[in-house]
Amino acid sequence: MKIRHTGGRTKRYALGSTVALVVAGMNAPAVLGFAGDQYHHYVINRPGYKAGYGHWQTLDLPARFRVDAVHATLLRTGKILIVAGSGNDQQAFDAGTFKTLLWDPVKSTYKLIPTPVDMFCGGHTSLPDGKVLVAGGTLRYEKLDGVVKKAAGTMRVRNENPDAPHTFAKGTVFTGPDGREYTSTAPVTVPAAAKTVTRAADGRTSVSVTAGERQVFVEAVAEGASYVDRNPAQYRIKGLTGADARNLYGMGGAMTLDKQDFQGIRSAYEFNPDTELYEQVPDMAHARWYPTLTGLGDGKVVTVSGLDETGQILSGNDNELFDPATRTWSKAPDRYFPTYPSLFLTASGKLFYSGSNAGYGPADKGRTPGLWDLRNNSFQTVDGLRDPDLLETSSSVLLPPAQSQKVMVLGGGGVGESPASTARTGIADLSAPEPHFVPGPDLPAGGTRYLNSVILPDDTVFTTGGSGDYRGKHRSDLLKAQTYHPDSNSFTTAAAPTVGRDYHSEALLLPDGRVVVLGSNPLFADKADTQPAAFEQRIEIYSPAYLYHGDRPEIAAAPGRASLGSEITVATPDPDRIATAKLIRPSSVTHATDVEQRSVALDITARGATGMTLSLPRNADLLPPGWYMLFATDRKGTPSVARWIQITP
Ligand SMILES: [Cu+2]
């Protein structure tokens, strides 16, 4: 039966208890078309509509706590760490104003956190102890074509002295063979040279010295084309005398007036959820802007890609591993990726690169999805994804439950400032010996870049927002949300958001089952693309339909910690009601990229009168160490509020 609603106040009230049927037969835009905003408002607030499609709420934060939400991580305290840094705002950058907001979405409390460096467009991941590793960020903003007035380029500063590193202040002058001078735009510390002693068979020793080297970006002391020089050359460093003048020098590359990309930093910090402060850890060996950090089964973090301190994309022989136990960085196997690649830890221990990425790198390099085995540095390509040239700004998610080892790729656009986007989805089953992508259903909203995807505790994936064109150009933000159902391989419509979300947007699941959606950084405010747009500072909360289906199951008690392969006992008033139990890893998301979230199903091995026993997987590559949200969900898909539990090896 299909009831067509034709408007009119009397009829609306006459619907009574059949309202759920009515709303199932229409959607919000159709309502808007014939009855206007007020009626739309009425419909979306009906209990029956909420029970079918969920409900959105827009928060207005106190003005002083509004930040440009570029990065968001859910902490084990239930608070959300929102990192703006300079927030893609050149003035804030120039003023050294770097922001982090800590927000409690349940208690509605806000706190600005002292932010020691510009973490804007760094990378992040939750560590096994619940701290958040934030690595990289912004050294300098980009300069577009035509803006560059002083010729500039990369200077490799070398130190042949094996006994001491040398620090050069910002503004150090490098003099070329013909006397032209260029100054450094940042301080740089060049490590001491490495000395290798070799002893020959006859007992004589020889010593070889490999110069220490660091890069720094330099620009001409004055404006004009006369400083353009495309030839590499050795540069003297002004002010050095004696041995220093011999041991320390620069190797300059091309000095040009070309466009200059953003530049990265080496700094790394751990955010401590107890003290609510950043704690500095050693710098990375390489500066990174737009890196991806992926946690491994042993608790270490692999860190790849980014733009370096001269604005060049890292070549891939510079990947790093962070060990949170020793707080040290070491070298990881070589592999090139474009910036912000989506790298998922799979149950085999290999990393799956879905092809999703955001931002920088040549179109013909490192764009092919595949399985990367860090142990032998092999790479097995995973073929079959349609629109393989439209993977930039796409969304990727390890579908629930993680045991199925299926990764879905959704939408995406052309490389760089391309108007092209795709509605394509594709799913790769990584448990197969020769994994390949099979087509999934097209996105109902059409071609979509910057889609955010969030795993829900009913084993569906909520996807929201995005835009058709690059950074929402021509007012192409999509005010649409939909839910993907892995069991039926289909989308259903969700209530529509009212705030557009494109570049620099995020979404994440809360322990109470709601979804927070924040950030967005459109280029223009108008359809003709003439007015610059402000960063979107409103936060929305989406309450999925399962929160409108009556009372919820409850986890009355659960252990705060459990080890891999163990069994835990959980108190719940009605164990027979519980259909599934799962551990959901909290999101750490930026640029619509979240490689952290995963939902690991737990076997219910026994049910008593007031509790049940859950068995945890043994595989740390399936269930990496760290803090998780434990949800119990009933047969109708209604989840409990989660309990936090720390999973240990
Ligand atoms: Cu960015």
Side-chain angles (χ1 to χ4, degrees), residues 85-86 88-98 117-118 120-121 137-161 165-190 211-267 286-289 306-314 360 532:
S86 57
N88 207 12
D89 177 342
Q90 174 92 53
Q91 280 183 335
F93 177 78
D94 292 342
T97 307
F98 311 139
V117 293
D118 190 4
F120 169 61
C121 290
T138 304
L139 175 68
R140 217 171 84 147
Y141 271 54
E142 67 182 343
K143 284 189 183 169
L144 300 176
D145 278 330
V147 175
V148 179
K149 299 282 185 254
K150 289 179 177 175
T154 301
M155 185 68 66
R156 285 156 37 221
V157 190
R158 287 193 177 159
N159 180 7
E160 291 191 354
N161 176 4
H166 198 104
T167 298
F168 294 97
K170 176 181 173 176
T172 297
V173 177
F174 293 80
T175 310
D178 56 9
R180 281 183 288 191
E181 291 182 337
Y182 303 82
T183 62
S184 61
T185 57
V188 61
T189 297
V190 188
E213 184 175 302
R214 282 287 184 267
Q215 302 189 118
V216 69
F217 196 71
V218 298
E219 59 183 19
V221 292
E223 294 182 0
S226 65
Y227 284 90
V228 171
D229 183 356
R230 299 199 176 265
N231 300 314
Q234 185 165 334
Y235 286 68
R236 286 174 286 120
I237 301 175
K238 209 170 186 174
L240 296 182
T241 54
D244 277 352
R246 287 191 299 278
N247 286 329
L248 296 155
Y249 56 92
M251 298 298 293
M255 301 295 153
T256 73
L257 292 168
D258 296 351
K259 151 185 197 291
Q260 295 167 6
D261 276 319
F262 281 89
Q263 299 169 353
I265 58 175
R266 304 180 135 74
S267 308
H286 298 273
R288 297 179 192 273
W289 192 83
L307 302 188
D308 68 11
E309 67 277 80
T310 69
Q312 304 299 310
I313 189 161
L314 289 164
Y360 293 80

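Index from 1, following the sequence.
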Side-chain heavy-atom pair V221, Y182 within 4.5 angstrom cut-off = no
Closest contact, heavy atoms only, F93 versus T138 = CE1-O, 3.8 Å
key: Min side-chain heavy-atom separation Y227-L257 under 4.5 Å   = no
task = Kindly determine whether E219 and V148 satisfy side chain to side chain contact (heavy atoms under 4.5 Å, CB included), including the steps that lead there.
result = CA-CA 10 Å; E219 59 183 19; V148 179; over 6 Å; no
task = Hey, could you give me the CD/CG distance between Q263 and L307, rounded to the nearest 0.5 Å?
result = 9.0 Å
task = Could I get the full list of ring pair (Phe, Tyr, Trp, His ring centres under 6.0 Å) partners for F168, not counting sequence neighbours?
result = H166
ask   = Considering residues, nucleotides and ligands other than Q91, do more than 12 of their heavy atoms fall under 6.0 Å from its CD?
value = no
ask   = Under 3.5 Å, is there a donor-acceptor pair between the side chain of D118 and the main chain of S86?
value = yes
task = For the pair V157 and F174, evaluate side chain to side chain contact (heavy atoms under 4.5 Å, CB included) and give the outcome as yes or no after the intermediate values.
result = CA-CA 10 Å; V157 190; F174 293 80; 3.9 Å; yes
message = When you compare the side chain of R140 with that of Q260, does any pair of heavy atoms fall below 4.5 Å?
response = yes
message = salt bridge (charged side-chain N to carboxylate O under 4.0 Å, His left out), that's the test. Do R266 and E309 meet it? Break it down for me.
response = CA-CA 8 Å; R266 304 180 135 74; E309 67 277 80; 2.8 Å; yes
key: side chain to side chain donor-acceptor pair (under 3.5 Å) pairs, two or more places apart, involving residues 237-249   = E160-Y249, E181-K238
note = For D261 and Y360 the tightest heavy-atom approach is OD1-CE2, 3.5 Å
ask   = Does T185 reach the main-chain N or O of F217 with its side chain, forming a donor-acceptor pair under 3.5 Å?
value = yes
note = Nearest heavy-atom contact between V190 and R158 is CG1-C, 4.1 Å
task = Rounded to the nearest 0.5 Å, what's the gap from CE on M251 to CE on M155? Could you check?
result = 9.5 Å
ask   = Do W289 and L139 have side chains that get closer than 4.5 Å, going by heavy atoms?
value = no
message = L314: which residues meet the side chain to side chain contact (heavy atoms under 4.5 Å, CB included) condition with it, sequence neighbours left out?
response = H286, R288, D308, D318
ask   = Taking atom CG of D89 and atom OH of Y141, what is their separation to the nearest 0.5 Å?
value = 6.0 Å
Straight-line distance of D145 CG to D258 CG, nearest 0.5 Å = 7.5 Å
inquiry  = Could you check whether any side-chain N or O of S184 sits under 3.5 Å from a backbone N or O of T172, counting only pairs where one atom can act as donor and the other as acceptor?
reply    = yes
ask   = Can you name the closest pair of heavy atoms from G264 and A287 and give their distance?
value = O-CB, 3.4 Å
request  = For residues G176 and R236, report the shortest heavy-atom separation together with the two atoms involved.
outcome  = O-NH2, 4.1 Å
request  = Apply the test side chain to side chain contact (heavy atoms under 4.5 Å, CB included) to residues T189 and R214: give CA-CA distance (whole Å), side-chain angles for both, the deciding distance (0.1 Å), then the verdict.
outcome  = CA-CA 7 Å; T189 297; R214 282 287 184 267; over 6 Å; no
request  = Please answer whether the main-chain N or O of R156 pairs with a side-chain N or O of Y235 as donor and acceptor at a distance below 3.5 Å.
outcome  = no
note = In terms of heavy-atom contacts, A151 and V228 come closest through CB-N, 3.9 Å
